[in-house]
Amino acid sequence: MAEATNTAPLAGIKVIDWTQVQSGPSCTQILAWLGAEVIKLEKVHGGDPTRNEMNDVDGSYSLYFLQLNANKKSITLDMKDPEGKKILTDLLKDADVFVENIGPGDVEKLGFGWDEVHKINPKLIMASLKGFNQGSRFEHVKAFEPVAQCAGGAASTTGWWEGDKNIPTQSGAALGDSNTGMHLTIAILTALLQRERTGEGVFVYQSMQNAVLNLCRIKLRDQLILDHLHQLSYYDCYPGYKFGKAIPRAANAEGGLVLGWCYRAKGWETDPNAYVYIVIQQSQKGFENFCNAMGFQDWLTDPKFSTPNARDEHKQEVYKRVEEYTMQYDKYTLTKELGAKGVPVGPVLDWNELENDPDLNEDGTLITIDQGDARGKFKTIGLPFTMSNYAPDYQRAPKLGENNEEILSALGYTEDQIKELAAKGVIGSNDGVKADLTAAAPEAEA
């Protein structure tokens, strides 16, 4: 893998990061790993809420925080205090990007909406991440991960279409949080490229609802087909299901015209993840590869299975015979052997397996960072793509307010002025405790 060098794509870019929890920090984490200087703005009391959320180690911060805030700097500011606002204003004057995901309307109330920010620094790109679109009847609503999955069409299409568990179900993947952060990252990088031509900053807005919708775009395809044909033959519930006005939950179906399903493998009786996913392709060549690999050559001429439409009509028979085969072998053997014969296949990997996967640990997908305190070393998922001439220099996450003095000194504050700010509670110490709690103005909700 390439070493981190001066090829860092965002070297020289300064980001003011007024985000918390997961959606915003997942965006600014990528920017930091790409070489940007990311200054994380945190509350004086406690900082980002995830610093202590689900923490399992005394004397350190939670994995939730550490895995989303590596390579950043931390400054604590009381944003209700005029001096805190002045410091942020000074930071924005020299920044390239300003990212925020605090509550709907809060940034405007505090005097840092787009109009004000654009006046402070016309070249600055401001990026806002919220639950719903501007102008939406839900614009004022705070959104969390499951809220976004439900409002974005993911939950209504995930899960089982029959039985006691026929309820909207959220995905284990962070479709509302980290997915939205990735979408915002794309928008920010696009805005930076645009600024190279225009010389002017732009306001970027990303809603969690839209990010989920974008990943669910094939569900809109299905809805339009249902509107037209009033049935979906490639859904698991077909045939025999009475389709309504909206697409049903898709269970474990692949989601396209190929016939995909999750099958039990050897050991399923004691291992809830001893499963393998197999796709039967529509193309004649793909179907032949499948039949030859499984020893199902009789299906090549059997009218019940020889065509894609026929297989849709007899899904349950397909599932039954395939699973009789897969239960003879473990999921790794199935993946290796069937994959070698041209069959699209993959094992269901649980998180214990993923944590210890030799390939993922070797190729830089899973990385180890030394936090240097009671936490020591911890694993996280690194930059999700690779570049031939660049790899991040992964560093620990900052202590709360760790970079207060460094950042304020760069703005021209003297040592005495910094001490005075701490005494008045405008900034906080590394452990988040204000020097004089009685003098502190109330925190802004973020």
Side-chain angles (χ1 to χ4, degrees), residues 156-163 165-166 216-269 273-348:
S156 66
T157 58
T158 302
W160 298 93
W161 54 272
E162 63 180 351
K165 297 299 182 181
N166 177 16
C216 292
R217 64 174 56 238
I218 64 168
K219 298 303 182 181
L220 177 58
R221 173 205 66 189
D222 294 346
Q223 183 63 48
L224 294 172
I225 293 173
L226 179 63
D227 292 343
H228 183 226
L229 299 179
H230 309 296
Q231 65 179 17
L232 298 167
S233 63
Y234 49 93
Y235 268 51
D236 176 58
C237 56
Y238 175 91
Y241 180 77
K242 184 178 180 181
F243 285 86
K245 66 178 182 178
I247 59 175
R249 286 178 262 287
N252 265 327
E254 191 271 346
L257 292 179
V258 298
L259 186 55
W261 198 249
C262 203
Y263 298 97
R264 288 179 288 181
K266 187 176 181 180
W268 66 271
E269 299 92 341
N273 293 297
Y275 282 77
V276 65
Y277 201 96
I278 296 175
V279 172
I280 304 174
Q281 295 175 271
Q282 273 202 322
S283 70
Q284 186 60 27
K285 178 63 175 176
F287 184 55
E288 288 176 1
N289 287 340
F290 168 80
C291 290
N292 289 329
M294 305 285 286
F296 295 177
Q297 287 85 355
D298 56 302
W299 277 9
L300 293 170
T301 55
D302 189 331
K304 289 176 63 178
F305 307 106
S306 59
T307 67
N309 287 343
R311 292 192 290 275
D312 278 339
E313 297 286 343
H314 300 90
K315 287 186 181 72
Q316 298 309 316
E317 292 178 67
V318 170
Y319 297 159
K320 184 176 184 295
R321 186 174 179 187
V322 173
E323 193 162 69
E324 288 173 351
Y325 177 92
T326 60
M327 286 193 294
Q328 301 175 71
Y329 310 96
D330 69 73
K331 62 188 179 184
Y332 294 105
T333 299
L334 288 165
T335 301
K336 181 179 179 181
E337 299 299 328
L338 295 179
K341 296 175 182 178
V343 177
V345 57
V348 173

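These numbers were taken from a predicted model, which means no experiment stands behind them. These numbers come from the heavy atoms of this one structure, side chains and all, not from hydrogens, waters or symmetry mates.
- Note: Asn289 CG to Leu338 CG = 11.0 Å, rounded to the nearest 0.5 Å.
- Using a 4.5 Å heavy-atom threshold, the side chains of Tyr263 and Tyr319 count as touching.
- For Glu162, the salt bridge (Lys or Arg N to Asp or Glu O under 4.0 Å) criterion is met by no residue, not counting sequence neighbours.
- Tyr241 pairs by the ring pair (Phe, Tyr, Trp, His ring centres under 6.0 Å) definition with Trp161, Phe243, not counting sequence neighbours.
- By the 30° and 60° cut-offs, the orientation of the rings of Trp299 relative to Phe287 is parallel.
- Annotation: the span from Thr326 atom OG1 to Glu324 atom CD amounts to 9.5 Å, rounded to 0.5 Å.
- Between the side chain of His228 and the backbone N or O of Leu224, no donor-acceptor pair lies under 3.5 Å.
- Side-chain contact between Arg311 and Ile280 is present, with at least one heavy-atom pair separated by less than 4.5 Å.
- Rounded to the nearest 0.5 angstrom, Glu313 CD and Thr307 OG1 are separated by 9.0 Å.
- Here Leu226 contributes atom CG and Gln223 contributes atom CD; the two are 5.5 Å apart, rounded to the nearest 0.5 Å.
- Here the closest non-hydrogen pair linking Gly267 and Ala274 is C-CB, 3.8 Å.
- Heavy-atom minimum distance, Ala250 versus Asp236: O-CB, 4.3 Å.
- Between Leu259 and Val318 the shortest side-chain heavy-atom distance falls below 4.5 Å.
- Minimum interatomic distance between Val276 and Gly346 (heavy atoms only, all atoms of both residues): CG2-O, 3.2 Å.
- Contact check for Ser306 versus Thr301: no side-chain heavy atoms found under the 4.5 Å cut-off.
- The OG1 atom of Thr333 sits 8.0 Å away from the NZ atom of Lys336 when rounded to the nearest 0.5 Å.
- Here the closest non-hydrogen pair linking Ile218 and Gly255 is CD1-O, 4.0 Å.
- A donor-acceptor distance shorter than 3.5 angstrom exists from the side chain of Glu254 to the backbone of Gly256, with no hydrogens or angles considered.
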>> I'd like to know whether Lys341 forms a side-chain contact (heavy atoms from CB on, under 4.5 Å) with Asn292, so could you lay out the CA-CA distance, the side-chain angles of the two residues, the decisive distance to 0.1 Å, and finally the verdict.
In response: CA-CA 8 Å; Lys341 296 175 182 178; Asn292 289 329; over 6 Å; no
>> Val322 vs Phe290, test: side-chain contact (heavy atoms from CB on, under 4.5 Å). Steps then yes/no.
In response: CA-CA 10 Å; Val322 173; Phe290 168 80; 3.7 Å; yes
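- Judged by the 6.0 Å distance and 45° axis criteria, Arg249 is not positioned over the aromatic ring of Tyr235.
- In this structure, the side chain to side chain contact (heavy atoms under 4.5 Å, CB included) partners of Trp160, at least two apart in sequence or on a different chain, are Ala251, Asn252, Trp261.
- For Lys245, the salt bridge (Lys or Arg N to Asp or Glu O under 4.0 Å) test picks out no residue, with sequence neighbours left out.
- Applying the side chain to side chain donor-acceptor pair (under 3.5 Å) definition to pairs two or more places apart or across chains, those involving residues 277-286 are Gln284-Glu288.
- Considering NZ of Lys266 and CZ of Arg264, their distance stands at 15.5 Å, rounded to 0.5 Å.
- In terms of modelled atom types and a separation under 3.5 Å, the side chain of Lys315 and the main chain of Tyr238 share a donor-acceptor contact.
- Residues passing the side chain to side chain contact (heavy atoms under 4.5 Å, CB included) test with Asp302 are Lys304, Phe305, sequence neighbours excluded.
- Residues Val345 and Gly339 share a closest heavy-atom pair of CG1-N, 3.6 Å.
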